[in-house]
**Student:** 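After the structure tokens below, expect a handful of questions from me.
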2 protein chains.
Amino acid sequence: MQLAEQIRYLMLAVQREGNRYFNDALRPLDLTAAQAEVLRVLQEYQPISLGELGNLLVCEHGSPSRLVNGLVTMGLVERVTSKRDGRYVTLTLTELGKERAEVVVQIEAKMDEQIMELIEHASIEPLLEVFWRYIEDRPSGLALARRTKWHVPHRDAAHKEASHAD
Amino acid sequence: MQLAEQIRYLMLAVQREGNRYFNDALRPLDLTAAQAEVLRVLQEYQPISLGELGNLLVCEHGSPSRLVNGLVTMGLVERVTSKRDGRYVTLTLTELGKERAEVVVQIEAKMDEQIMELIEHASIEPLLEVFWRYIEDRPSGLALARRTKWHVPHRDAAHKEASHAD
DNA sequence: ACGTAATACATGATATGTCATACATTGATA
DNA sequence: TATCAATGTATGACATATCATGTATTACGT
């Protein structure tokens with residue numbers, strides 16, 4: 001099995017195991033990794049529309065309605081139809097949602113510690129350039145570029161216009 | 001967003017986009033990435049039991065019954081209950097399955113070319129060391145170690161006993 | 001003012017990953 | 001020979017990723 005194939009499978013394995021670890025850590029909160037990401041994005045960008053949320057999540061779908069529905073049902077997110085434009089819904093965290101988001105921050109911090117220990121003596125940053133080059137024009141890469149001020153090779157990510165929140 | 005968080009999301013984004021690309025390339029074959037992996041594992045290890053297949057796939061589940069059921073339905077895999085031990089089923093590729101597996105090989109080869117171009121001037125092996133260190137004792141890492149002769153840091157992967165195929 | 005195109009979101013359908021539980025078969029023991 | 005533990009596989013239930021399609025609302029042109 002050659003190097004490229006090894007890379008493909010290793011990426012899948014690492015991502016899969018990391019996600020499993022993250023889901024395990026989130027279980028006491030009764031949250032999944034995808035739900036946690038939504039809480040964190042709302043924490044940083046609220047109030048925002050469903051479509052904008054979809055543009056910021058590392059996954060591509062027109063509008064993450066069902067994902068958000070679950071969080072609304074759990075009492076973590078509030079959804080209000082925009083008065084200004086009835087097509088939009090405005091999403092914000094409830095008080096409970098803010099508390100849960102803070103716990104997610106702590107769980108993520110522990111994972112980040114482990115990652116930093118793993119890469120402590122590895123010269124990994126040139127490879128992040130390679131990753132960025134692979135995804136830069138694809139939906140997930142665009143979502144990540146929007147969320148961060150990371151150096152994006154070859155061009156700056158266009159900033160999205162202001163939220164339609166009422 | 002700090003380095004560790006960037007790594008987490010980049011891993012997810014790269015894996016997700018790569019999987020989407022792979023699924024797109026497989027669509028004319030009416031296959032998904034998971035099904036393609038099964039075909040390739042059977043191509044290399046057949047005849048094998050369901051549990052053994054599960055141990056070789058980069059994902060952990062007791063037995064990938066439903067995944068295999070779909071491939072049997074499509075006429076790509078043959079499943080026979082073992083005469084020697086009625087608990088076991090023996091899996092092999094049909095003629096059509098072998099043909100499809102060969103096409104998957106070609107699709108994978110194209111992806112591997114792109115990966116090699118991406119990493120042409122990057123020193124990626126320190127990153128692979130980090131990846132191996134992260135997953136080596138986890139189910140996906142064990143599956144990969146079983147499938148390959150890759151250098152696994154700190155110890156050799158134990159080889160699984162011979163298949164129960166009749 | 002009205003009709004149509006565009007936009008935002010919701011839902012249907014399918015695949016699959018994950019955890020838990022159930023069923024069938026075999027091996028070990030008394 | 002009968003019983004129980006162990007093993008391999010199947011299935012239930014849920015979440016979610018993905019693609020496609022449908023619904024509601026707004027913007028635009030006449």
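Letters go in sequence order (proteins before strands), and every chain restarts at 1. Source: prediction; values computed, not measured. Excluded from the calculations below are hydrogen atoms, water molecules and symmetry mates; all remaining heavy atoms, backbone and side chain alike, are included.
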**Student:** What's the CD-P distance between A:E17 and C:dT18, to the nearest Å?
**Tutor:**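 Answer to the nearest Å: 8 Å.
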**Student:** CG of B:L53 versus C1' of D:dG8: gap in Å, rounded?
**Tutor:**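 It works out to 13 Å between those atoms.
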**Student:** B:E37 CD to C:dA15 C1': how many Å, rounded?
**Tutor:**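 Distance, rounded to whole Å: 15 Å.
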**Student:** Rounded to the Å, how far apart are B:R27 CZ and D:dA17 P?
**Tutor:**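 After rounding, the reported distance stands at 17 Å.
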**Student:** Any chance the side chains of B:Y9 and A:R147 put a donor and an acceptor closer than 3.5 Å?
**Tutor:**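 There is such a pair (donor and acceptor under 3.5 Å, judged by atom type) between the side chains of B:Y9 and A:R147.
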**Student:** Ignoring the backbone of B:R87, work out which of C:dA6, D:dA10, D:dT7 is nearest its side chain.
**Tutor:**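 In terms of side-chain proximity for B:R87, the closest of C:dA6, D:dA10, D:dT7 is D:dT7.
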**Student:** Is there any side chain to side chain donor-acceptor pair (under 3.5 Å) pair reaching into residues 102-119 of chain B, and which pairs are they, with sequence neighbours excluded?
**Tutor:**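 Qualifying pairs, neighbours excluded: A:Q2-B:D112, A:R8-B:D112, B:Y21-B:Q114, B:R40-B:E108, B:Q43-B:E102.
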**Student:** Between P on D:dA6 and CG on B:D85, what's the gap in Å once rounded to a whole number?
**Tutor:**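 Atom CG in B:D85 sits about 17 Å away from atom P in D:dA6.
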**Student:** Let me know the distance between CG of B:N69 and P of C:dT14, rounded to the nearest Å.
**Tutor:**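 Taking CG of B:N69 and P of C:dT14, I get 16 Å after rounding.
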**Student:** Roughly, in whole Å, what's the span from CG in B:L26 to C1' in D:dT18?
**Tutor:**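 These atoms are roughly 14 Å apart.
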**Student:** Can you tell me if A:E37 uses its side chain to pair, donor with acceptor, with the backbone of A:V58 under 3.5 Å?
**Tutor:**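 A pair under 3.5 Å: yes.
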**Student:** Donor-acceptor pair, distance only, cut-off 3.5 Å: does the side chain of B:T94 make one with the backbone of B:L76?
**Tutor:**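 Yes, because the side chain of B:T94 sits within donor-acceptor range (under 3.5 Å) of the backbone of B:L76.
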**Student:** Sort me out a list of protein N/O and nucleotides 14-16 of chain D N/O pairs below 3.5 Å, or just none if empty.
**Tutor:**
residue: D:dT16; atom: OP1; partner: A:T32; partner atom: OG1; Å: 2.0

**Student:** For A:R79 and for A:D24, locate the closest nucleotide of DNA chain C by heavy-atom distance; then report the residue assigned to the nucleotide nearer the 5' terminus.
**Tutor:**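 Closest to the 5' end, via its nearest nucleotide, is A:R79.
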**Student:** Return yes when atom CG of A:D30 has more than 12 non-hydrogen atoms of other residues, nucleotides or ligands closer than 6.0 Å, and no otherwise.
**Tutor:**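 Not buried by this count: 12 neighbours or fewer within 6.0 Å.
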**Student:** Using the test side-chain contact (heavy atoms from CB on, under 4.5 Å), find all partners of A:N23 that sit at least two apart in sequence or belong to another chain.
**Tutor:**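 For A:N23, the residues satisfying side-chain contact (heavy atoms from CB on, under 4.5 Å) (neighbours in sequence not counted) are A:N19, A:T32, A:A33.
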**Student:** In whole Å, I'd like the distance from the CZ atom of A:R84 to the C1' atom of D:dA27.
**Tutor:**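 That distance rounds to 14 Å.
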